[in-house]
S.K.: 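First, the structure itself, so that you have it in front of you.
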Amino acid sequence: MEETPTETLTVLTTTDTPEKAEALARGAVEARVAACAQISGPVTSVYRWEGAVRAEREWQVWLKTTAARYDALEAHLRAAHDYDTPEIIAIPVVRGGADYLAWVAEETAEETAGKAAEEADTGAFDA
């Protein structure tokens, strides 16, 4: 394992259906605010909301991004999420494979995101 070349984060959010989880994951990757995402679930979340303790099934979405792109990812998740107060937690990646961490940085770089948007607008994107 190598030291992180740029600060890499794993960001966690949850939602109440697998379809919503996939939409959150896919939307973040398409917007290049996350390099990839994994969906886990169902899990049982126990929490207090509006004075009552509740237990609900949820799906976790684990997104990989950089510290530089965290604000954009959080804004994207808040806009796309249907929860009043969505869980959005960033966990620093302390160490990892240098090639993987470089790939996360490349896939989420603002220049890459801007270029992909321009290519999509002109129809020049080769997917």
Side-chain angles (χ1 to χ4, degrees):
M1 296 208 322
E2 299 290 326
E3 299 229 357
T4 306
T6 60
E7 190 178 352
T8 305
L9 302 173
T10 297
V11 178
L12 170 64
T13 193
T14 56
T15 192
D16 58 353
T17 70
E19 296 81 14
K20 289 178 186 176
E22 185 169 341
L24 289 170
R26 185 175 295 278
V29 171
E30 287 175 349
R32 292 191 176 269
V33 292
C36 66
Q38 288 86 35
I39 300 166
S40 302
V43 298
T44 301
S45 294
V46 179
Y47 58 96
R48 183 179 308 276
W49 185 253
E50 298 177 345
V53 175
R54 302 174 186 216
E56 305 286 341
R57 284 179 18 148
E58 290 189 298
W59 280 257
Q60 297 174 319
V61 183
W62 295 89
L63 304 118
K64 310 312 182 303
T65 194
T66 60
R69 295 293 279 157
Y70 174 81
D71 289 339
L73 174 57
E74 181 180 339
H76 177 85
L77 291 173
R78 288 189 180 282
H81 215 296
D82 65 343
Y83 283 13
D84 292 339
T85 307
E87 173 182 22
I88 303 172
I89 298 172
I91 303 163
V93 173
V94 177
R95 294 181 62 135
D99 52 348
Y100 178 79
L101 300 177
W103 174 78
V104 170
E106 180 182 323
E107 289 300 311
T108 59
E110 288 189 66
E111 316 74 68
T112 304
K115 182 179 178 195
E118 289 173 17
E119 289 172 346
D121 287 344
T122 63
F125 187 69
D126 291 330

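Hydrogens, waters and symmetry mates are skipped; everything else that's a heavy atom, side chains included, is used. Just so you know, residue 1 is the first one in the sequence shown, and it goes up from there.
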S.K.: Please name the pair of heavy atoms, one in Leu12 and one in Trp62, separated by the smallest distance, quoted to 0.1 Å.
M.R.: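 Closest approach of Leu12 to Trp62, heavy atoms only: CD1-CE2, 3.7 Å.
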S.K.: Tell me, with the steps shown, if Tyr100 and Thr8 meet side-chain contact (heavy atoms from CB on, under 4.5 Å).
M.R.: CA-CA 10 Å; Tyr100 178 79; Thr8 305; 5.7 Å; no
S.K.: Please check if Val46 and Val43 belong to a single hydrophobic cluster, counting links between Ile, Leu, Val, Met, Phe, Trp and Tyr side chain heavy atoms closer than 4.5 Å.
M.R.: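 Not linked; separate clusters.
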S.K.: Taking all non-hydrogen atoms of both residues into account, name the closest pair between Gly51 and Arg48 and its distance.
M.R.: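 Closest approach of Gly51 to Arg48, heavy atoms only: O-NH1, 4.2 Å.
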S.K.: What are the two closest non-hydrogen atoms of Leu101 and Arg95, and how far apart are they?
M.R.: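 What the structure gives for the nearest pair is CD1-C, 4.5 Å.
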S.K.: Looking at Thr15, Thr14, Asp82, which hits side-chain hydrogen bond (donor to acceptor under 3.5 Å, both in side chains) with Lys20?
M.R.: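 Per the side-chain hydrogen bond (donor to acceptor under 3.5 Å, both in side chains) rule, the option paired with Lys20 is Asp82, out of Thr15, Thr14, Asp82.
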S.K.: With a 4.5 Å cut-off on side-chain heavy-atom distances among I, L, V, M, F, W and Y, is there a chain of contacts connecting Leu9 to Leu77?
M.R.: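 Shared cluster, yes.
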S.K.: To the nearest 0.5 Å, what is the distance between CG (Leu63) and NE2 (His76)?
M.R.: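 Those atoms lie 8.5 Å apart.
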S.K.: Shortest non-hydrogen contact from Thr44 to Ala55?
M.R.: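 What the structure gives for the nearest pair is CG2-CB, 4.4 Å.
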S.K.: Per the salt bridge (charged side-chain N to carboxylate O under 4.0 Å, His left out) rule, what does the pair list look like for residues 52-64, sequence neighbours excluded?
M.R.: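 Of all non-adjacent pairs touching residues 52-64, those that pass salt bridge (charged side-chain N to carboxylate O under 4.0 Å, His left out) are Glu50-Arg54.
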S.K.: What distance separates Arg69 CZ from Glu74 CD, expressed to the nearest 0.5 Å?
M.R.: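 Output value for this atom pair is 13.5 Å.
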S.K.: Is the backbone of Gln60 close enough, under 3.5 Å, to the side chain of Ser40 for a donor and an acceptor to pair up by distance?
M.R.: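 Looks like no, no N/O pair under 3.5 Å.
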S.K.: Taking a hydrophobic cluster as the set of Ile, Leu, Val, Met, Phe, Trp and Tyr residues connected by side-chain heavy atoms closer than 4.5 Å, whether directly or through intermediates, do Ile88 and Leu24 fall within one such cluster?
M.R.: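 In one cluster: yes.
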S.K.: Determine the minimum heavy-atom distance between Leu73 and Ala28, stating which atoms define it.
M.R.: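 Heavy-atom minimum between the residues: CD1-CB, 3.9 Å.
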S.K.: What's the shortest heavy-atom distance between Thr108 and Ala34, and which atoms?
M.R.: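 Thr108 and Ala34 have their closest heavy atoms at CG2-C, 3.5 Å.
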S.K.: Please check if Val104 and Val11 belong to a single hydrophobic cluster, counting links between Ile, Leu, Val, Met, Phe, Trp and Tyr side chain heavy atoms closer than 4.5 Å.
M.R.: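 Different clusters.
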S.K.: Are Val61 and Tyr70 in one and the same hydrophobic cluster, where Ile, Leu, Val, Met, Phe, Trp and Tyr link if side-chain heavy atoms are under 4.5 Å apart?
M.R.: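 Linked within one cluster.
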S.K.: Is Thr13 reaching over with its side chain to a backbone N or O of Glu87, donor-acceptor style, under 3.5 angstrom?
M.R.: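 Yes; judged by distance alone, with no hydrogens or angles, the pair exists.
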